[in-house]
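First up is the structure itself, then whatever we jot down about it.
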2 protein chains.
Amino acid sequence: MDKVKRMPNRSYGQFCGLARALDTVGDRWNLLIVRELLPGPQRYNELKASLSGIATNLLAARLRDLEANRIVERRLADAGVSYALTPWGAGLREPIEALINWSAPLMITGRGDDSFQPRWLATALPALLRDVTADPTVELGIQVGDFLMTLRIDQTGPSVVIQPEQHPETILMAPPEAVLGLAAGALTTDQALTIGEMQGDREVLLTVFPSRRSNAAAALASALNSI
Amino acid sequence: MDKVKRMPNRSYGQFCGLARALDTVGDRWNLLIVRELLPGPQRYNELKASLSGIATNLLAARLRDLEANRIVERRLADAGVSYALTPWGAGLREPIEALINWSAPLMITGRGDDSFQPRWLATALPALLRDVTADPTVELGIQVGDFLMTLRIDQTGPSVVIQPEQHPETILMAPPEAVLGLAAGALTTDQALTIGEMQGDREVLLTVFPSRRSNAAAALASALNSI
DNA sequence: CCGCATCCTCATGGATACTG
DNA sequence: CAGTATCCATGAGGATGCGG
């Protein structure tokens, strides 16, 4: 009846950086929680809502583990608790961005029945557009849901700023499948624009400032084709 | 008795690159199998031996999944099957290297009771030394176990070549904890050299070519300190 | 031998109800 | 709002068997 002693925690037991990284953040939901916290701190119920489907006991357990491993820290916000990444935890941005870039072929099938949060674009777009240079300087405001950001492409490369001051004349409102499909290279810029213009009943509206429109389309096309 | 229909595969169901990447390679052992195949194809039993602790049925299942997802492909070798990465599967090198870099703080505790395979250095060392430039050109042969590689640091950055032609006068034979501890910044170069020289009974021998020794130590120190 | 498949046990994940 | 508690389904670990 007394079998061999069981390992208390299921570690790979390998002296390898990858194995130890996965020992720490390899459990289910862990990296998705980190992704959720990359744009900024979140409350427990915000995390629970964004990670649709996570069991509440699992979310609590994962947050406890991540806190014990110094990846996440609890902060006392007004009227509640707020979860934020430590500097080391925020260092997971690079691996996460690398996984997002690698996964581009998995995104061209479109959204399907999957859930979507505009917040995810704040991590995905900078990753997908990294190391891309465009000839003319382009600045687009992107609004998906109630999430505002500015996509800027210039000689120094592309950058995405979250929650910028609004530029109403250059706001691109698009459904997530159009934006991410475009970002993944699934659609040409023209197709994406067409989709945006065709589905007006879904509150999809494209209003790039006219004098910049061709520049924006060309820059986006060249940027996205090189992904 | 008829409950809600269960999902056949446990997908996150999120339209997000990270979530879809983890749907594909997030299951336990998957990324470690990819790491094992990064330096080159491996046989089933080689994988089973390196990944000490994996259940044989799990390895078979994971290889089937990875093959179905076009990450791994089976090749008919002489007298058996050989598993190799597809080009897309090899693209996981970047996320894996990013995780290895992120995990450096987890490596400074040393090897402990963990297992070790020299093959892992072939992925870890280039990752840890990326984006580092050294002033003088340095070339070191590193032998751990029966695994030979050349670490070269010059103006174009560091590079590691596996199984090179041997340079006996610059071979550094060191225990894995010394090499990886050094790579993780746990030890200064001098300490690592001392360890190497002190533990001769463990077949630990450091014989950097004398005229290059100071250059090598300085280059390694500056390279490793900037990690 | 190599490359798995089967069987069994236990740890982990998932859904829901409940509580300070 | 921010979690615990509980129960059950599923997946991992380990031993063994088995055909080529």
Side-chain angles (χ1 to χ4, degrees), chain A residues 1-14 19 22-33 36-37 41-68 72-84 115, chain B residues 1-14 19 22-23 25-33 36 41-68 72-84 115:
Chain A
M1 48 193 66
D2 46 15
K3 300 290 295 296
V4 175
K5 185 177 186 300
R6 301 236 159 254
M7 293 233 290
N9 56 345
R10 196 149 55 175
S11 161
Y12 287 112
Q14 296 182 356
L22 293 176
D23 282 341
T24 309
V25 294
D27 275 356
R28 201 165 160 75
W29 295 107
N30 267 335
L31 280 183
L32 295 188
I33 292 172
E36 218 63 36
L37 296 178
Q42 292 272 89
R43 313 288 287 268
Y44 185 91
N45 278 348
E46 290 176 315
L47 292 171
K48 189 161 142 36
S50 288
L51 304 170
S52 68
I54 191 175
T56 177
N57 57 345
L58 266 194
L59 178 56
R62 290 293 117 93
L63 286 171
R64 236 182 291 120
D65 295 347
L66 290 170
E67 190 188 6
V72 158
E73 62 183 16
R74 304 160 65 96
R75 292 176 182 172
L76 291 176
D78 35 31
V81 189
S82 169
Y83 291 93
S115 66
Chain B
M1 46 193 66
D2 47 15
K3 299 289 294 300
V4 175
K5 185 176 184 302
R6 300 245 156 247
M7 294 232 289
N9 55 346
R10 195 149 55 173
S11 161
Y12 288 110
Q14 295 181 355
L22 293 176
D23 282 341
V25 295
D27 275 355
R28 199 165 162 75
W29 295 108
N30 267 335
L31 280 183
L32 295 188
I33 293 172
E36 219 61 37
Q42 292 273 90
R43 311 289 288 269
Y44 185 91
N45 277 350
E46 291 176 315
L47 292 171
K48 188 161 143 41
S50 290
L51 304 170
S52 67
I54 191 174
T56 176
N57 56 347
L58 265 195
L59 178 55
R62 288 294 118 91
L63 286 172
R64 238 182 290 118
D65 294 347
L66 290 171
E67 190 188 7
V72 159
E73 61 183 17
R74 305 159 65 95
R75 293 176 181 171
L76 291 176
D78 34 32
V81 190
S82 168
Y83 292 92
S115 65

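As the structure is a prediction and not an experimental result, all values here were calculated from the model. Below, chains carry the letters A, B, ... as their sequence lines are ordered, and counting in each starts from 1.
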Does [X] reach the main-chain N or O of [Y] with its side chain, forming a donor-acceptor pair under 3.5 Å?
{"X": "A:R43", "Y": "A:V81", "answer": "yes"}
{"X": "B:R28", "Y": "A:G26", "answer": "no"}
{"X": "B:Y12", "Y": "A:W29", "answer": "yes"}

(message) The side chain of B:Y44 is closest to which nucleotide in this list: D:dT4, C:dG3, D:dG13?
(response)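 The answer is C:dG3.
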(message) From C-beta outward on B:T56, which listed nucleotide comes closest to its side chain: D:dT16, D:dG3, D:dA12?
(response)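 From the listed options, D:dT16 comes nearest.
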(request) Go through the N and O atoms of the side chain of A:N57 and the base of D:dT6, and report whether any donor-acceptor pair is under 3.5 Å. (result)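 Result: at least one qualifying N/O pair found.
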(request) Classify the side chain of B:N45 versus the base of C:dG3 as yes if they form a donor-acceptor pair under 3.5 Å and no if they do not. (result)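 No, no donor-acceptor pair under 3.5 Å.
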In whole angstroms, how far is the [atom2] atom of [N] from the [atom1] atom of [X]?
{"X": "A:L47", "N": "D:dG3", "atom1": "CG", "atom2": "P", "answer": "10 Å"}
{"X": "A:L76", "N": "D:dC1", "atom1": "CG", "atom2": "P", "answer": "17 Å"}
{"X": "A:L58", "N": "C:dG13", "atom1": "CG", "atom2": "C1'", "answer": "5 Å"}
{"X": "B:R43", "N": "C:dC1", "atom1": "CZ", "atom2": "P", "answer": "15 Å"}
{"X": "A:L51", "N": "C:dG14", "atom1": "CG", "atom2": "P", "answer": "12 Å"}
{"X": "B:D27", "N": "D:dG11", "atom1": "CG", "atom2": "P", "answer": "9 Å"}
{"X": "A:R64", "N": "D:dA5", "atom1": "CZ", "atom2": "C1'", "answer": "12 Å"}
{"X": "B:Q42", "N": "C:dC4", "atom1": "CD", "atom2": "P", "answer": "15 Å"}

At less than 4.0 Å, is any side-chain N or O atom of [X] found next to OP1 or OP2 of [N]? Yes or no.
{"X": "A:Y83", "N": "D:dG3", "value": "yes"}
{"X": "B:R28", "N": "D:dG13", "value": "yes"}
{"X": "A:R62", "N": "D:dG3", "value": "no"}

(request) Give me the bend of the helix from C:dC1-D:dG20 to C:dG20-D:dC1, using the axes of the five pairs at each end, rounded to 10°. (result)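 If I round to tens, the end axes sit 30° apart.
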(request) Evaluate the side-chain proximity of A:D23 to A:Q14: yes if any heavy-atom separation is below 4.5 Å, no if none is. (result)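 Heavy-atom side-chain distance check fails, nothing below 4.5 Å.
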(request) Flag the pair B:L47 / B:L63 as yes when at least one side-chain heavy-atom distance between them is below 4.5 Å, and no otherwise. (result)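 The answer is yes; the side chains approach within 4.5 Å.
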(message) Would you compute the distance between atom CG of A:L59 and atom CZ of A:R64 and round it to the nearest 0.5 angstrom?
(response)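 Between atom CG of A:L59 and atom CZ of A:R64 there are 10.0 Å.
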(request) Over 60° means perpendicular and under 30° means parallel, so classify the ring planes of B:Y44 and B:Y83, tilted if in between. (result)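 Answer is tilted, since the angle falls between 30° and 60°.
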(request) Would you indicate what B:A55 reaches in the nucleic acid, counting non-hydrogen atoms under 4.0 angstrom: base, sugar-phosphate, or nothing? (result)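 Since a base atom lies under 4.0 Å of B:A55, the category is base.
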